[in-house]
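Contents: one structure, followed by commentary.
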Amino acid sequence: MLILFLLTTVFAAEVVVKMTPKAVAHVFKKEMSSLHTSLLHLKPPPFKATYLGLEVTIDHLQVVDLKMPKLTYETAPSPNHMTFKMIGGSARLLGQYSAVYKTKREGQFEMILEHFHLSIPVQRNALTKFTVTSDKCTLEVDESMITMSPVLPEQISAKIKEDLLEQLREASCLKATTLISKMNTHLMHFAEATDISQGGHPSHINVELHFQNPTAEDDSAIHVEVSESVINAELSKLFSIANTRFIWNDVPEIKNAVNECKTVECKFFEDGDIVSSFFDRPSVKIQSDDSISLTLPLSTSLTTSSGQELFKIKTEVNLILEDVALEHPENGDVQWSAKYQIKDIKVLQTSSSRNFQKFASTMESWIDTHKGFLENLLNTYIRGSLPVHLRSPLVWTQRLHGRPNFSTSSLNFHVHPHFSPSLRVMV
């Protein structure tokens, strides 16, 4: 029905989706979980080195305890550069060592690492394409300790730890490069615009994906920004491209109203088709007080089953949208709802057969009398979703809290998902 597409379906110009570190961390939670599993099953090659003539080999290494660091990022003043980071976490490795210098000594090896700081500088070559500068990848560990039993000289143990940390940096940066490659694939299709004239199918409109640092005032995960002009350009397709028709016959409230009506005209309503279509472009206006108004130029006609037109009226329906709220997202579509208030309905032109001349002459008073009924229809049936489809491997298991912010030039939807309990990973 009417406006089911309203403000949602999408927009023929720039659409900007802004992600924060919170969103990125949860979008790639599945990848981080897979990385955690692979590291626990990792069988590192033996570590071999010679210190002061002592040949040291550490093999059968295995990660036995691992708490993954948190994935985040920092933007840079240059839009083409940013740094992905993995911060926190801990690991414990066990293995066996042998040390040979004239005689051979064998023993147990343990290494404990606490709180990682892995930084991966990337260059952004396109909207969602990142290239890792591997030689600038760094890893720092707040606390690291190795235990070898029987013990080796402290000087040699310290050198072993230093070399192992360097190998860990190289391996971590290699893994991080692989993760960034997966990011490129996912982010390329993370958000897309949908075409209002094609039943919500993907649009050719480019969606710009931006990354921004969090602020103390805003803890939201995703922002969706769409300009007023873009909304109107897309809504115009309902008139210029799509054969948009609103068929009212099967709406239960209208059926009941017609059945209860005893006038001669109502008998024709029972057997005829009541259809509305656009005779001009619908439009949205964001007012200076942050309210939203919607204008619908509708032509409504009553025709018999044989196609004879009995009655036709052209109206300009002016609506005010209040209490716009975001609901629980499903399959990537964030649902919205609103309260509709009729500001006025202007009757521009009427034409009728002889049987409807009296009815046509009283249309303005009829509309005024039934204003509440018409508003109830809108508030009962008009729902929609944001104009951007978010392709995420995760779904929110809790109700989504979001309130759109309005300005005189754009709608800015702030999406606030609950992250407790944990997000459910879709397989």
Side-chain angles (χ1 to χ4, degrees), residues 21 24-49 55-73 84-99 106-120 122 130 132 134-135 137-149 152 157 160-187 190 391-395 397 419 421-427:
V24 171
H26 284 274
V27 166
F28 293 99
K29 191 173 183 179
K30 184 177 181 180
E31 280 71 22
M32 294 296 286
S33 178
S34 298
L35 181 58
H36 177 269
T37 301
S38 67
L39 290 175
L40 287 175
H41 292 88
L42 185 66
K43 302 295 183 184
F47 169 84
K48 295 183 179 182
E55 297 179 359
V56 177
T57 301
I58 303 174
D59 57 9
H60 304 295
L61 280 168
Q62 184 176 0
V63 180
V64 293
D65 294 306
L66 177 62
K67 181 180 179 181
M68 289 296 288
K70 178 182 176 181
L71 175 64
T72 184
Y73 66 80
F84 284 99
K85 295 188 173 185
M86 294 186 188
I87 299 176
S90 60
R92 177 169 169 257
L93 293 84
L94 296 179
Q96 298 175 347
Y97 85 90
S98 64
E106 294 182 333
Q108 302 300 314
F109 173 85
E110 179 185 44
M111 186 173 194
I112 297 176
L113 306 164
E114 295 282 350
H115 207 89
F116 302 97
H117 296 267
L118 179 64
S119 295
I120 312 114
V122 298
F130 301 104
V132 178
S134 58
D135 58 342
C137 177
T138 62
L139 173 67
E140 296 180 2
V141 182
D142 282 355
E143 296 182 25
S144 59
M145 178 179 68
I146 66 170
T147 302
M148 306 179 76
S149 179
L152 292 180
S157 296
I160 290 174
K161 183 175 77 171
E162 179 184 334
D163 290 347
L164 282 172
L165 286 174
E166 176 57 25
Q167 284 198 6
L168 177 63
R169 185 200 71 80
E170 293 176 358
S172 298
C173 289
L174 183 61
K175 285 283 186 183
T177 301
T178 303
L179 181 63
I180 297 299
S181 297
K182 290 183 177 180
M183 282 187 177
N184 284 330
T185 302
H186 284 317
L187 292 176
F190 175 75
R391 294 184 179 276
S392 170
L394 306 170
V395 297
T397 56
F419 292 133
S422 300
L423 297 186
R424 176 168 61 86
V425 176
M426 296 179 67
V427 179

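- Between I87 atom CD1 and S119 atom OG the span is 7.0 Å, to the nearest 0.5 Å.
- Between F47 and D59 the shortest side-chain heavy-atom distance does not fall below 4.5 Å.
- For E170, the side-chain contact (heavy atoms from CB on, under 4.5 Å) partners are E166, not counting sequence neighbours.
- Taken to the nearest 0.5 Å, the CG atom of L165 stands 7.0 Å off from the NZ atom of K161.
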In a table with atom names and distances, give each donor-acceptor pair under 3.5 Å that connects a side chain of residues 61-70 to protein atoms at least two apart or in another chain.
residue : atom : partner : partner atom : Å
D65     : OD2  : R92     : NH1          : 3.1

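- Every ring-ring contact (aromatic ring centres under 6.0 Å, His included) that H117 has, sequence neighbours left out, goes to H115.
- In this structure a side-chain-to-backbone donor-acceptor pair under 3.5 Å is missing from S33 to K29.
- The line from CD of Q108 to NE2 of H60 is 10.0 Å long, rounded to the nearest 0.5 Å.
- The distance from atom CZ of F130 to atom CD1 of I180, rounded to the nearest 0.5 Å, is 7.5 Å.
- Taking CG of L39 as the start and CG of L93 as the end, the distance is 9.5 Å to the nearest 0.5 Å.
- Here A171 pairs with nothing under the side-chain contact (heavy atoms from CB on, under 4.5 Å) rule; sequence neighbours left out.
- Residues forming a side-chain contact (heavy atoms from CB on, under 4.5 Å) with E114 (at least two apart in sequence, or on another chain): S90, I112, E143.
- Residues meeting the ring-ring contact (aromatic ring centres under 6.0 Å, His included) test with Y97, sequence neighbours left out: none.
- Within the 4.5 Å cutoff, side-chain heavy atoms of I160 are placed close to those of M148.
- Partners of Y73 according to the ring-ring contact (aromatic ring centres under 6.0 Å, His included) rule, which considers only residues two or more places apart in sequence or in another chain, are F211.
- With sequence neighbours left out, the salt bridge (charged side-chain N to carboxylate O under 4.0 Å, His left out) criterion links D163 to K159.
- With rounding to the nearest 0.5 Å, the separation of OG in S157 from CD in E162 is 13.0 Å.
- S98 meets the side-chain contact (heavy atoms from CB on, under 4.5 Å) test with T57, K104, E106; sequence neighbours excluded.
- Checked by atom type and distance alone, the side chain of R169 never pairs as donor or acceptor with a backbone atom of L118 at under 3.5 Å.
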